[in-house]
Amino acid sequence: MSQAFDVVVIGGGPGGYIAAIRAAQLGFKVACIDEWKNAAGGPAPGGTCTNVGCIPSKALLQSSEHFEHANHHFADHGISTGKVTMDVAKMVGRKDAVVKQNNDGILYLFKKNKVTFFHGRGSFVAAADGGYQIKVAGAAEEVITGKQVVVATGSNARALPGVPFDEEHVLSNDGALRIGAVPKKLALIGSGVIGLEMGSVWRRLGADVTILEGLPTFLGAVDEQIAKEAKKAFDKQGLKIELGVKVGEIKTGKKGVNVAYTNAKGEAVSLDVDKLIVSIGRVPNTIGLNAEAVGLQLDERGAIVVDGDCKTNLPGVWAVGDVVRGPMLAHKAEEEGVAVAERMAGQHGHVNFNTIPWVIYTSPEIAWVGRTEQQLKADGVAYKAGTFPFLANGRARALGDTTGMVKFLADAKTDEILGVHIVGPMASELISEAVVAMEFKASAEDIARICHAHPSLSEATKEAALAVDKRTLNF
Ligand code: FAD
Ligand code: NAI
């Protein structure tokens, strides 16, 4: 007799494991199936985010930032260290330990919330008895049933046509997080989020890094003024970013990789590097789901088609996270997971797509929420802008990191905040205030009137809000 559940979640990344936990909290009998294996072949729930995404990348960014500080900034504080060296194996080992803590944490949360975890691949078998039969192919094979199913199977790295990832010379995000020694020369294709974060890690550790971007503009989705400021900082650090290139043939040999490309001036360039990271976006993952068995509808990109509530074309089947439309972000996946669980319980789960923050964890960090100045112009919205530079912020001076600014965009008539854009220290943390403000439909004046601790970076947020009304106090 197969085990029967109210809810079966396929995929244990941030979308899936959070959906499973919330559904269990709401009284459902829940199973979560995830196939990710750790090095020993054991379960490693947490998906891309935990295993080869958000968490390990931030661990390496932290280690490499410490290295950069020790090498270049400690002396400003009167600290002398002598020659600083990096033990890459130890850094990668630490990253692996951080990942394992997160894997174990999720397994603990499943136990705590009485979610039954299955380690293996989940696939649709058939619709049955007002629900669905799902095969779990793991160490053993079994079929379980779910009255409702949540698909949260995530995404995979997109490869360049004809250039498969060998994870030795041509690396996806997976291989990029496991490089065993600092490459002398590293190229990345795509100057998006992964290109900039991974490029920063290996540049800080001493690699000569070139990022090749197809588009003529740098970070086109980011507010132009902020992107310009960030580019200036990356240029100064020695991160070579070539825009408007056309990548041609890529040849791998014993020693490394040769990348042929045409630069923005139309010149043919041949670049030899030790490693190449391809970071040109991700594709939804439905491999092995056997979607055809039940007629689950996919779009031309392979994403599962859902409505605004994450309902698929099949009754009782939902899909969340990277495998559906919208930004490929862990917190977006989580919010959808919670909302779906609550909808299954007859509640009114809600995800506000207008207030999903973005963060790029480089140095300086880049973070934003809401619309950019160029979007407001394109939408014909009358707006006021206010900026405040970290150069004029006492805490930033004390930290020794005064790069960047906070920028507010508010409705010209109502003063409602329409977008907040930050480039600078701890932008990832500062952006939360803007998200809260926008969720509560606050005006720039509201933020300007709130008492912010001194000295703190958050005072730059208050000052940028004041700047909307042209009345900064410290600039
Ligand atoms: P995933 O995390 O991809 O999880 C899907 C899970 O389902 C996986 O464990 C997979 O093995 C499993 N699975 C798939 N098919 C099956 C099946 N048939 N049966 C069983 N299991 C299956 N986002 C951020 O918000 N912040 C960041 O800082 C950030 N950094 C990133 C850095 C990198 C290098 C990368 C690659 C991504 C990063 N992201 C970040 C994006 C983030 O990782 C994804 O948006 C997020 O993981 C999506 O969650 P998900 O649950 O939809 O899918
Ligand atoms: P991306 O979409 O951020 O950037 C891809 C870049 O590659 C774009 O600038 C694009 O113009 C360029 N490109 C595409 N094809 C190209 C080609 N043939 N030649 C040259 N350039 C080309 O994708 P990325 O960096 O791979 O990351 C995938 C996703 O993972 C992100 O969109 C984001 O959703 C998520 N992520 C989030 C992070 C965060 O929140 N901090 C960190 C890393 C990833």
Side-chain angles (χ1 to χ4, degrees), residues 3-34 45-47 49 106 109-110 112-118 122 124 127-134 144-155 284-286 289 291 294-299 303-357 435-436 438-441:
Q3 293 191 66
F5 294 90
D6 298 321
V7 178
V8 173
V9 181
I10 306 177
Y17 92 78
I18 289 291
I21 288 173
R22 185 70 189 119
Q25 284 176 349
L26 290 163
F28 291 110
K29 187 179 174 199
V30 183
C32 182
I33 310 167
D34 188 83
C49 168
I106 295 166
L109 290 171
F110 281 159
K112 182 182 161 204
N113 289 282
K114 301 192 173 48
V115 172
T116 306
F117 177 68
F118 291 90
F124 284 100
D129 303 331
Y132 296 87
Q133 288 180 328
I134 308 290
I144 61 174
T145 61
K147 288 183 197 145
Q148 307 204 59
V149 178
V150 182
V151 182
T153 46
S155 63
N285 172 30
T286 52
L289 194 58
V294 286
L296 181 63
Q297 193 188 347
L298 309 182
D299 68 13
I304 297 176
V305 177
V306 288
D307 66 9
D309 285 346
C310 292
K311 279 188 186 142
T312 69
N313 63 314
L314 301 175
V317 180
W318 311 73
V320 301
D322 281 11
V323 79
V324 304
R325 82 289 173 260
M328 288 185 168
L329 295 173
H331 41 284
K332 175 265 192 183
E334 290 184 14
E335 292 301 309
E336 285 183 334
V338 168
V340 158
E342 292 178 350
R343 285 173 196 137
M344 290 191 294
Q347 298 183 359
H348 299 280
H350 177 66
V351 181
N352 184 354
F353 275 81
N354 297 323
T355 53
I356 293 177
V435 176
V436 173
M438 286 184 65
E439 273 291 346
F440 284 88
K441 295 207 166 289

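Just so you know, residue 1 is the first one in the sequence shown, and it goes up from there.
No donor-acceptor pair closer than 3.5 Å links the side chain of Thr355 to the backbone N or O of Val435. Between the Asn285 side chain and the Thr153 main chain, a donor and an acceptor come within less than 3.5 Å of each other. Side-chain N or O atoms of Asp322 include none that pairs as donor or acceptor with a backbone N or O of Gly154 at under 3.5 Å. No donor-acceptor pair closer than 3.5 Å links the side chain of Asp309 to the backbone N or O of Lys311. Judged purely by atom type and a 3.5 angstrom limit, Glu342 has no side-chain atom pairing as donor or acceptor with the backbone of His348. Looking at Asn113, its side chain never comes within 3.5 Å of a backbone N or O of Ala24 through a donor-acceptor pair. In this structure a side-chain-to-backbone donor-acceptor pair under 3.5 Å is present from Arg343 to Gly349.
Each of Asp307, Leu298, Val294, Leu296 was evaluated against Asn313; a single residue qualifies, Leu296, per the side-chain contact (heavy atoms from CB on, under 4.5 Å) test. Each of Thr116, Val115, Val30 was checked for a side-chain contact (heavy atoms from CB on, under 4.5 Å) with Phe5, and the lone residue meeting it is Thr116. Of the residues listed (Val317, Val323, Ile134), the one engaging Ile10 in a side-chain contact (heavy atoms from CB on, under 4.5 Å) is Ile134, and it is the only one.
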Item checked: Thr312 vs Val149, side chain to side chain contact (heavy atoms under 4.5 Å, CB included): CA-CA, chis, key distance, verdict -> CA-CA 10 Å; Thr312 69; Val149 178; over 6 Å; no

Next item on the list: Begin from the C-alpha positions of Phe28 and Arg22 and carry the test side chain to side chain contact (heavy atoms under 4.5 Å, CB included) through to its verdict.
Entry: CA-CA 9 Å; Phe28 291 110; Arg22 185 70 189 119; over 6 Å; no

Next item on the list: Test side chain to side chain contact (heavy atoms under 4.5 Å, CB included) on Met438 and Asn354 and set out the steps.
Entry: CA-CA 9 Å; Met438 286 184 65; Asn354 297 323; 5.7 Å; no

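Asp34 and Gly11 make their closest contact through OD1-C, 3.7 Å (heavy atoms, listed as atom of the first residue, atom of the second, distance). Nearest heavy atoms, Gly122 versus Ile33: N-CG2, 3.8 Å. Closest non-hydrogen pair, Gln3 versus Phe118, comes out as NE2-CZ, 3.6 Å. The minimum heavy-atom distance linking Ala339 with His350 is given by the pair CB-N, 3.8 Å. Here the closest heavy-atom approach between residue Ala341 and residue Leu26 is recorded as O-CD1, 3.5 Å. In plain terms, the two heavy atoms of Ala19 and Val150 that are nearest each other are CB-CG1, 4.4 Å.
Of the inter-residue distances, the one linking Lys332 atom NZ with Glu335 atom CD reads 11.0 Å to the nearest 0.5 angstrom. Residue Cys49 holds its SG atom at 10.5 Å from NE2 of His331, rounded to the nearest 0.5 Å. Here the CD1-CD1 distance, from Ile106 to Ile18, works out to 8.0 Å after rounding to the nearest 0.5 Å. Atom OH in Tyr17 sits 5.5 Å away from atom CD in Glu334 (nearest 0.5 Å).
Salt-bridge formation is detected for the pair Asp6/Lys147: a Lys NZ or Arg NE/NH1/NH2 atom is positioned less than 4.0 Å from an Asp or Glu carboxylate oxygen.
Between Phe117 and Phe110, the two ring planes are parallel [angle under 30°; tilted spans 30° to 60°].
Inspection of the Thr145 and Gln133 side chains reveals no N or O donor paired with an N or O acceptor under 3.5 Å.
Within 6.0 Å of CG on Asp129 lie no more than 12 heavy atoms contributed by other residues, nucleotides or ligands.
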